[in-house]
Amino acid sequence: MSYQHRLAGTKNLLSDEFAHLRRRRLGTADRWVVRIGPGEYYATTEDDMISTVLGSCVAACVRNRVTGVGGMNHFLLPTTFDEDSPRWGETPVSAAMRFGNVAMEKLINLVLGPERRRSDLEIKVFGGARVLRARIDIGDRNVEFVRTYLAKEGLPIAAQDLGGGVPRKVVFDPSSGVVFVKNLGATTRDRIAGRELDYMEEIRHQPVTGDLELFE
């Protein structure tokens with residue numbers, strides 16, 4: 001599958017990889033808004049916008065400033081609710097941290113393209129609020145992960161809106177690199193928290209297999 005084929009936008013939906021994602025037309029404009037949820041990502045060469053709603057989850061908006069290719073992911077690390085457990089990097093659940101690695105690596109690999117110049121990337125990160133009624137702050141662990149991951153890979157964060165106590169709606173325009181963020185307030189917290197708990201239970205039982213290499 002060619003690079004352009006993998007990154008086909010919603011106008012053609014040439015790639016089965018993204019065919020399941022929900023999309024809507026942006027008003028009367030000839031543009032589409034693609035919505036992603038937990039565990040999903042989208043990258044495009046078209047003039048699409050990408051949206052998601054975040055509670056404890058984190059989303060990275062990644063754009064190649066040279067090619068104009070951009071995308072967004074949405075991930076939540078599996079974790080334990082045991083207050084007495086060590087930090088996520090020291091528990092058996094740390095193997096599942098690779099769910100976050102996979103989310104970042106898949107998106108960055110798509111946006112990098114064949115030239116693979118990290119200096120061309122612009123990365124903005126959002127989310128990680130405390131919305132789950134748990135003894136530990138799962139949002140904070142997701143924030144810690146994404147910051148640590150990007151620092152380790154030598155990828156600077158161009159902009160961020162992380163932590164806090166309310167969910168966010170994030171809309172990313174890859175063609176310009178602009179990200180719109182709206183705080184949704186406490187009224188949506190329970191609904192978003194329920195969705196994240198369901199997803200966390202799902203990935204808790206998924207096997208972690210295979211390895212990805214981000215940079216050659």
Under 4.5 Å between any side-chain heavy atoms of V34 and T44, yes or no? no
With a 4.5 Å limit on heavy-atom distance, are the side chains of L121 and V111 in contact? yes
Can you tell me how far apart CD1 (I192) and NZ (K169) are? Round to the nearest 0.5 Å. 11.0 Å
When rounded to the nearest 0.5 angstrom, what distance separates CZ in R130 from CZ in R189? 11.0 Å
Any side-chain heavy-atom pair of D161 and V179 under 4.5 Å: no
Quick one, F145 and V58 - any side-chain contact, counting heavy atoms below 4.5 Å? no
Do the side chain of R63 and the main chain of D173 share a donor and acceptor less than 3.5 angstrom apart? no
Taken to the nearest 0.5 Å, the spacing of T52 OG1 from N73 CG works out to 9.5 Å
Using side-chain heavy atoms (C-beta onward) and a distance below 4.5 Å, is V170 in contact with H74? no
Rounded to the nearest 0.5 Å, the CG atom of L76 sits from the CZ atom of R141 at a distance of 12.0 Å
Tell me whether K124 contacts the main-chain N or O of G177 through its side chain, where contact means a donor paired with an acceptor under 3.5 Å. yes
Say you draw a straight line from CD1 of I108 to OH of Y149; how long is it, rounded to the nearest 0.5 Å? 4.5 Å
Donor-acceptor contact present, side-chain R118 to main-chain E153, <3.5 Å: yes
CG (N109) and CE (M104) are apart, to the nearest 0.5 Å, by 11.0 Å
